[in-house]
2 protein chains.
Amino acid sequence: MNPTIKDIAEKCGVSYATVSRALSGHPYVKDETRERIIKIARQMGYRPNAVARGLVMRKTTTIGFMVPDITNPVFPEVARGLEDAALAAGYTVFLCNSNWDKDRELRIIDILLQQRVSGLVVFLCSEKSVDLIRRAKMDTKTVCISNMSHKSAMTLLYIDNELGARQAVEHLIERGHRAIACIGGLEDTAANRERLKGYHQALQNHGIAACSDFVRFGDYRLESGHAIMTELLRLPARPTAVFAANDLLALGAISAIKEHGLRVPEDVAVVGFDDIQLASLPEIQLSSISWPKYELGKIAFELVARCLEGEGPPEDRVLLQPTLVVRSTS
Amino acid sequence: MNPTIKDIAEKCGVSYATVSRALSGHPYVKDETRERIIKIARQMGYRPNAVARGLVMRKTTTIGFMVPDITNPVFPEVARGLEDAALAAGYTVFLCNSNWDKDRELRIIDILLQQRVSGLVVFLCSEKSVDLIRRAKMDTKTVCISNMSHKSAMTLLYIDNELGARQAVEHLIERGHRAIACIGGLEDTAANRERLKGYHQALQNHGIAACSDFVRFGDYRLESGHAIMTELLRLPARPTAVFAANDLLALGAISAIKEHGLRVPEDVAVVGFDDIQLASLPEIQLSSISWPKYELGKIAFELVARCLEGEGPPEDRVLLQPTLVVRSTS
DNA sequence: TTGAAAGCGCTAACAC
DNA sequence: GTGTTAGCGCTTTCAA
């Protein structure tokens with residue numbers, strides 16, 4: 001059994017209130033007493049009980065972090081940024097995968113709220129979750145990494161997906177492409193909608209008619225990119241360029257292109273989104289839209305922390321700018 | 001403020017013990033009462049406080065999970081397996097990165113123990129951490145995913161690194177290679193030691209003298225593989241094959257080889273370890289040692305869960321077998 | 001500078 | 001079936 005402050009108090013011959021004070025750096029404890037208490041506590045292997053403390057303080061030192069899919073290399077980077085910042089500030093983070101599933105998303109948020117996390121950082125796909133969070137709002141400070149309708153239920157932190165997609169597609173247009181396809185991610189996710197919008201904007205800005213055959217959706221994984229690209233290549237008039245809603249889709253697409261005996265970028269150019277580490281591998285050299293992933297995690301924590309410490313009013317929304325990185329697939 | 005069972009009790013005109021019973025499915029509550037309570041609880045948006053429950057039950061429903069580096073694609077896979085299993089059993093998981101840093105490792109374990117996690121799943125690098133866990137053993141059931149000395153401080157779950165490395169190197173030998181280098185990971189980690197041992201065993205089994213110039217260590221990341229391979233290629237007698245302690249190192253090595261104008265596998269063959277998803281990409285096609293990552297996470301949870309539910313004596317150690325996957329880099 | 005005591009939200013005896 | 005009560009480990013008044 002873990003020793004408690006009572007055990008220490010007994011051994012020290014003081015009240016347990018004094019032990020509490022001594023251990024939590026409270027003033028008004030005689031130095032001599034404090035030293036003795038600290039020494040004995042160490043000897044006994046005392047380790048404060050964060051659960052008990054959380055109960056009485058009505059504030060845990062935990063943060064809930066929900067991502068759609070931790071095996072997508074984007075999210076580990078964000079997770080690192082978040083965790084580093086959180087740990088430095090004395091917080092621990094719960095990590096959960098929603099699997100892009102709305103029901104699971106709701107369930108996870110509920111569980112995290114039961115755990116009474118002090119803060120919540122979530123990549124949301126469902127508007128229902130926004131409601132859930134809104135109802136719990138007074139207790140749990142939330143940062144949402146998506147551009148959702150929010151009505152101040154939470155701070156919004158996100159990258160400008162529309163701009164990013166526009167940059168990608170305009171780059172392809174500048175390279176002389178007109179037949180540009182779009183391999184989307186999960187159709188019903190905010191990021192996908194925004195990236196799709198940017199794609200359409202770019203076409204429109206340059207007077208290129210959108211071709212509905214050229215816009216298809218999958219999930220956000222390799223296999224999906226491969227499958228969609230294969231379909232695209234079977235089209236009577238196949239595209240000469242592809243904008244993919246994320247790098248995994250782009251990578252899958254490239255595989256399919258090569259399997260068809262075509263070259264990238266000569267026959268089909270490809271631009272992805274997210275600029276995962278992999279994209280810069282010599283073998284890959286994928287052109288992509290880059291955004292600061294580690295930074296985003298860090299900022300997300302700082303945003304919740306600011307509210308937790310009650311420093312000033314919470315930001316309403318923070319927007320990060322993506323940039324185009326041209327490599328050899330376009 | 002979140003409503004408590006007292007708030008519900010008041011509104012229902014019953015004692016709060018009854019509410020507790022009704023809500024936690026206890027028998028001996030009149031159906032009618034129970035229904036009324038549940039209905040009101042729902043109306044009020046009641047959400048049980050896991051912190052309070054954890055305190056009184058002396059058991060949280062949380063699991064601590066410490067990995068060396070979540071941005072290494074091996075660990076997200078394991079994390080998924082762990083989380084899926086944990087969530088299904090009603091547990092939530094804290095994720096922490098040790099960054100392969102022994103001090104940080106100790107600090108994280110301490111924090112996790114403060115949080116009174118019911119179970120601990122850790123990739124350990126330091127023996128000191130084993131001591132820390134041993135001292136806390138009576139309270140926190142631990143599964144360690146490394147082959148550490150343990151003396152029953154915890155259950156050991158790991159893959160047979162030695163065997164895997166031996167398979168990799170013997171495969172290279174069968175392909176006719178004699179000058180086989182080893183790009184190791186962090187020198188002072190268990191996985192690295194074991195994989196290195198397998199490398200030496202294979203050489204020895206086939207009467208090949210080990211060449212100390214051919215064995216070098218980095219960390220477990222791409223850049224490191226690149227740097228070491230570059231050194232290796234500058235050697236007067238350069239190796240014709242390389243065994244890398246993980247796939248990221250292997251990928252970095254391949255980049256370096258290509259940059260030198262050499263071909264893989266014709267000039268230098270490469271085999272990695274871990275078989276990350278990436279390895280099977282058409283552009284990559286890395287030969288590697290494969291092991292069940294998602295499964296490992298799942299098993300890790302099952303091992304702690306078994307102890308938590310007190311079902312039989314804990315396993316002492318569980319060993320998973322890796323397999324060689326030959327692709328086009330060897 | 002220290003002690004006594006209340007109470008955070010909940011579960012589980014023990015009464016009735 | 002339901003209410004009363006103690007207590008999980010801790011922080012924080014209020015007194016002394």
Side-chain angles (χ1 to χ4, degrees), chain A residues 1-38 40-41 44-62 90 113-118 136 138-140, chain B residues 1-38 40-41 44-62 90 113-118 136 138-140:
Chain A
M1 285 293 293
N2 273 307
T4 71
I5 47 172
K6 279 192 181 167
D7 299 326
I8 298 173
E10 211 165 306
K11 211 156 215 159
C12 290
V14 295
S15 76
Y16 64 91
T18 304
V19 176
S20 171
R21 291 194 192 96
L23 257 27
S24 47
H26 193 92
Y28 303 131
V29 181
K30 215 201 294 175
D31 281 356
E32 187 197 312
T33 319
R34 160 169 290 127
E35 277 160 31
R36 194 158 45 95
I37 290 174
I38 290 181
I40 302 238
M44 299 177 72
Y46 173 74
R47 182 170 289 119
N49 184 328
V51 176
R53 184 176 280 168
L55 184 59
V56 55
M57 305 279 272
R58 323 177 101 259
K59 170 181 183 323
T60 57
T61 49
T62 59
L113 292 175
Q114 289 189 21
Q115 293 289 353
R116 296 299 189 266
V117 292
S118 294
M138 30 314 229
D139 294 300
T140 312
Chain B
M1 285 292 293
N2 273 308
T4 71
I5 47 173
K6 279 191 181 167
D7 299 325
I8 298 172
E10 210 165 306
K11 212 156 215 157
C12 291
V14 294
S15 78
Y16 68 90
T18 304
V19 176
S20 172
R21 290 194 194 98
L23 258 27
S24 47
H26 193 91
Y28 304 130
V29 181
K30 215 201 294 176
D31 281 357
E32 187 197 312
T33 319
R34 162 170 288 128
E35 279 161 31
R36 195 160 45 96
I37 290 173
I38 290 182
I40 302 239
M44 299 177 72
Y46 173 74
R47 182 170 288 119
N49 184 327
V51 177
R53 184 177 281 167
L55 183 59
V56 53
M57 305 279 274
R58 327 179 98 259
K59 169 182 185 319
T60 58
T61 49
T62 60
L113 291 175
Q114 290 190 21
Q115 292 290 351
R116 296 299 191 263
V117 292
S118 294
M138 31 316 228
D139 294 300
T140 311

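In the text below, chain A, chain B and the rest are named by the order of the sequence lines, each starting its count at 1.
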Per-nucleotide protein contact string for nucleotides 8-16 of chain D, where B marks a base within reach and S marks sugar-phosphate only (heavy atoms under 4.0 Å, - for neither): BBBBBB---

Inter-axis angle, terminal five-pair segments of the helix from C:dT1-D:dA16 to C:dC16-D:dG1 [nearest 10°]: 40°

Please set out all donor-acceptor pairs under 3.5 angstrom arising from side-chain atoms of residues 17-28 of chain B, sequence neighbours excluded.
residue, atom, partner, partner atom, Å
B:Thr18, OG1, B:Ser15, OG, 3.2
B:Ser24, OG, B:Ser20, O, 2.6

side-chain contact (heavy atoms from CB on, under 4.5 Å) evaluation trace for A:Ile37 with A:Ile8: CA-CA 7 Å; A:Ile37 290 174; A:Ile8 298 173; 4.2 Å; yes

Any donor-acceptor pair under 3.5 Å from B:Thr60 side chain to B:Gly54 backbone: no

Criterion side-chain contact (heavy atoms from CB on, under 4.5 Å) on B:Asn49 and B:Arg53, from CA distance to verdict: CA-CA 6 Å; B:Asn49 184 327; B:Arg53 184 177 281 167; over 6 Å; no

Gap between atoms CD1 and C1', on B:Ile37 and D:dG1 respectively (whole Å): 11 Å

Rounded distance [0.5 Å steps], CD in B:Gln114 versus CG in A:Asn2: 10.0 Å

Interatomic distance where NZ belongs to B:Lys30 and C1' belongs to D:dT2 [whole Å]: 10 Å

Chi angles and distances behind the side-chain contact (heavy atoms from CB on, under 4.5 Å) call for A:Thr62, B:Gln115: CA-CA 9 Å; A:Thr62 59; B:Gln115 292 290 351; 3.8 Å; yes

Nucleotide C:dC10, atom P - distance to NZ of B:Lys59 in whole Å: 18 Å

B:Leu113 backbone acceptor or donor facing B:Arg116 side chain under 3.5 Å: yes

Rounded distance (Å) that lies between atom P of C:dT2 and atom CD of A:Glu10: 19 Å

d(CG, B:Leu23; P, C:dA12) in whole Å: 14 Å

Donor-acceptor contact present, side-chain B:Arg36 to main-chain B:Cys12, <3.5 Å: yes

